[in-house]
Number of protein chains: 2
Amino acid sequence: MLDNYLLQELVTFAQTGTLAKTAATLNVTQPTVTRGMQKLETDLGVQLFDRQPNRIRLTATGKLAAREAAKLLQANHDTAIRIQNFDRNQRVLKVAATLPGPMIVLQSLKDQLPANLQLAPVASLPEPVESLRNHAYTLVFTNHPLTATDITNQLIGTENLAIHLNKFMYQANQSTVTFADLAGLSFVVPVDIGPWRAIIQDNIPDAKFFYQKEREALAEITKFSDFPYFATNVSPFDPTLPLEATVNDNRRLLPISDAAAHMSIYANYLTAATSRVTPVITTLRASWPET
Amino acid sequence: MLDNYLLQELVTFAQTGTLAKTAATLNVTQPTVTRGMQKLETDLGVQLFDRQPNRIRLTATGKLAAREAAKLLQANHDTAIRIQNFDRNQRVLKVAATLPGPMIVLQSLKDQLPANLQLAPVASLPEPVESLRNHAYTLVFTNHPLTATDITNQLIGTENLAIHLNKFMYQANQSTVTFADLAGLSFVVPVDIGPWRAIIQDNIPDAKFFYQKEREALAEITKFSDFPYFATNVSPFDPTLPLEATVNDNRRLLPISDAAAHMSIYANYLTAATSRVTPVITTLRASWPET
DNA sequence: AACAATTACGGAATCCGTAAAAATT
DNA sequence: AATTTTTACGGATTCCGTAATTGTT
């Protein structure tokens, strides 16, 4: 077995180039590193270094060993994190999504859901499959089902894009609009909207988008300007109110009719976690606003 | 970092179920295992065991941890082997194949090839891609190119199947035969012929095959019987002799005309090893018998 | 002279085995 | 009574740091 602390020294040596710098980086003394690399060579039964009185370099085998060692250390670290995540998720059920819609609905249903539910604040999850396998999250919502043999998907419902337009704009004079109708306009948009970002950028010709990180600042901007802004059937969402009640300014809310403005929302989870996520999915589907 | 010897104890415990058997399996004493598992728990900051005075069991987290630990240990071991293989293959160039043909040709060219060349005796290599990545072999011959981004393929030539038939059989009365002509016959065949085995089994109707492990015993059987037996343009192969010179019995050698009786032979190697394998491939192609 | 690697020696930390205790089947 | 786990204590191994040596730039 290759000891981890020796692998760590080898990886650091490959980065720094000298035993002295390796020792300084790892907060040990040079003799420790000298002995360590000698031991690693005897453990492997392989020459990892070309030695000259004042210089030491990796052989071809040594360079390979350093790359492989880095992988092993990474795997070891990832495993520790994975075990700790799994243990935590035995007690709390962490939920994330690649787009904000499902999280907003869940937030509004908080009191109907298990108390150990934890909603991730981030909307755009970079590696949804890995975050399930690492047990970083137990339940992940996406707009496309995650395809893997160890993952189960369930369709939750659809999210439909709409636009708040100043009621005196000529485009507002209809019951629905298309992306083409919005050509050339400028919009204020939250940054973390996941795949919606690409959709509006790719489908609205010659548009300008002002991305705003703070949701409150965005509300301010829309309140004191005439910029159009987007909404969906779930955002903002309060199941006790009709959708129009959220329109409190001099804008009209118009659904967007293009096919690209409608998204299917899927729940994804490790098949092994089925029994734990089912109640959450059931209540979410029961309250999903199909408008 | 998770120490390997603790992971080993955890894996063994998951297999044996008690600390006592774990200790016996690993040739240590029980207190060692007790302390080890306690240390692993504190290192991870996670409860791996449910403890009762006389019984100790894995928690759900513990079971996961044991599975993950087994993977880490396997990866560690594989890495050590890989490094040792790489180091060895800096000096010798090991060659293997999934079928015997190319190895036979290489054997006959031995004196024209680098002295550090080592030919594997086995004809059917179970995991050719992995054996390249593990540096178990530097050069692998197959009848289909191995497709991977880190692997390069080169077409060497074709291997064509033929059959030695008793000259008084009615099928021998033609210049070539088809698989259908051989229907119902019985054949003596070496066991390690790789993909040829499936080809003759799938293409010759109602045939019987007697598989023989020892090549010498097979030669004896064919010598003192009238069983038909297979050959190819490379097997047996001596570049200084015409193919007919190998026919020393009362049989005729007939090529098989079916498309399935012709195989393309490919050389596969890690792209990083190109310069090392090129001379071997060059000489092999130069002497490949295109009959 | 300064730097890099190695060796020698003593101390510190860790790990292990023996012995004993506690509790269950 | 036999097993299993845990704790306590002492020994042994391993690992590390300081100091000194060698050789190069």
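Side chains included, hydrogens not; waters and symmetry mates left out as well; all remaining heavy atoms used. Note on naming: letters A, B, ... go to the chains in the order of the sequence lines (proteins, then strands), and numbering restarts at 1 for each one.
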Over 12 non-hydrogen atoms of neighbours within 6.0 angstrom of [atom1] in [X]:
| X | atom1 | answer |
| --- | --- | --- |
| A:Arg57 | CZ | no |
| B:Arg55 | CZ | no |
| B:Arg285 | CZ | yes |

**Study point:** Nucleotide interval of DNA chain C bounded by contacts with chain A (heavy-atom cut-off, under 4.0 Å)
**Key:**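 First and last nucleotides in contact are C:dC3 to C:dA8.
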Exercise for review: Take A:Arg35 and B:Gln30, find for each the nucleotide of DNA chain D with the closest heavy atom, and name the residue whose nucleotide sits nearer the 5' end.
Suggested key: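 Checking each residue's closest nucleotide, the 5'-ward one belongs to B:Gln30.
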Check your understanding: Shortest non-hydrogen contact from B:Tyr211 to B:Pro190?
Key ->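 Scanning both residues, the minimum pair turns out to be CD2-O, 3.8 Å.
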What pairs of nitrogen or oxygen atoms, one from the protein and one from nucleotides 20-24 of chain D, lie under 3.5 Å apart?
unit_1 : atom_1 : unit_2  : atom_2 : d
D:dG23 : N2     : A:Asn54 : OD1    : 3.2

Review point. Does anything in residues 3-17 of chain B reach DNA chain D, meaning a heavy atom under 4.0 Å, and if so which residues?
Key: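 The answer is none.
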Would you list the atom pairs, donor with acceptor, under 3.5 Å between side chains in residues 28-38 of chain A and any protein atom, with sequence neighbours excluded?
unit_1  : atom_1 : unit_2  : atom_2 : d
A:Thr29 : OG1    : A:Thr32 : OG1    : 3.2
A:Thr34 : OG1    : A:Gln30 : O      : 3.3

**Study point:** Pair A:Asn268, A:Thr142: side-chain N/O donor-acceptor within cut-off below 3.5 Å
**Key:**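 Distance-only check passes for A:Asn268 and A:Thr142.
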Review point. Is a side-chain donor-acceptor pair under 3.5 Å present for A:Asn89 with A:Thr138?
Key: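 Yes, side-chain donor-acceptor contact under 3.5 Å.
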Point to revise | With A:Tyr266 via ring pair (Phe, Tyr, Trp, His ring centres under 6.0 Å) - residues at least two apart | key: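 Result, ring pair (Phe, Tyr, Trp, His ring centres under 6.0 Å) vs A:Tyr266: none returned.
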Review point. Can you name the residues that form a ring pair (Phe, Tyr, Trp, His ring centres under 6.0 Å) with B:Phe13, not counting sequence neighbours?
Key: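 Only B:Phe49 meet the ring pair (Phe, Tyr, Trp, His ring centres under 6.0 Å) criterion with B:Phe13.
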**Study point:** For B:Thr12, side chain to side chain donor-acceptor pair (under 3.5 Å) partners two or more places apart
**Key:**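 Checked B:Thr12 against side chain to side chain donor-acceptor pair (under 3.5 Å); matches are B:Gln8.
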**Study point:** Pairs touching residues 88-109 of chain B that satisfy ring-ring contact (aromatic ring centres under 6.0 Å, His included), sequence neighbours left out
**Key:**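 Checked against ring-ring contact (aromatic ring centres under 6.0 Å, His included) - neighbours excluded - no pair reaches residues 88-109 of chain B.
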Exercise for review: Please list all pairs passing the ring-ring contact (aromatic ring centres under 6.0 Å, His included) test where one or both residues lie in residues 67-107 of chain A, with sequence neighbours left out.
Suggested key: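 Every pair satisfying ring-ring contact (aromatic ring centres under 6.0 Å, His included) with a residue in residues 67-107 of chain A: A:Phe86-A:His135.
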Practice item. Identify, residue by residue, the members of residues 38-52 of chain B with a heavy atom below 4.0 Å from DNA chain C, and return them in order of residue number, or none. Key: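 Correct list: B:Lys39.
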Check your understanding: Looking at residues 59-70 of chain A, who's got a heavy atom less than 4.0 Å off DNA chain C?
Key ->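 Contacting residues: none.
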Exercise for review: For A:Val28, answer base if it contacts any base atom (sugar-phosphate contacts may also be present), sugar-phosphate if it contacts only those atoms, and nothing otherwise; contact means non-hydrogen atoms under 4.0 Å.
Suggested key: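 Sugar-phosphate only.
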Exercise for review: Using a heavy-atom cut-off of under 4.0 Å over every strand shown, decide if A:Thr18 touches base, sugar-phosphate, or nothing.
Suggested key: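 Counting heavy atoms under 4.0 Å across all strands, the contact made by A:Thr18 is with sugar-phosphate only.
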Check your understanding: Would you say B:Asn153's side chain and B:Thr147's backbone share a donor-acceptor pair under 3.5 angstrom?
Key ->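 No; zero donor-acceptor contacts below 3.5 Å.
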Practice item. Supply the atom-to-atom distance B:Asn116 CG to B:Arg276 CZ, rounded to the nearest 0.5 angstrom. Key: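 Result: 6.5 Å between the selected atoms.
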Point to revise | OP1 or OP2 of D:dT5 under 4.0 Å from side-chain N/O of B:Thr34 | key: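 For D:dT5, OP1/OP2 do not have a side-chain N/O of B:Thr34 under 4.0 Å.
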Only pairs under 3.5 Å count here: list side-chain donor-acceptor contacts from residues 62-75 of chain A, not counting sequence neighbours, and write none if there are none.
unit_1  : atom_1 : unit_2  : atom_2 : d
A:Glu68 : OE1    : B:Arg82 : NH1    : 2.6
A:Gln74 : NE2    : A:Asp78 : OD1    : 2.9

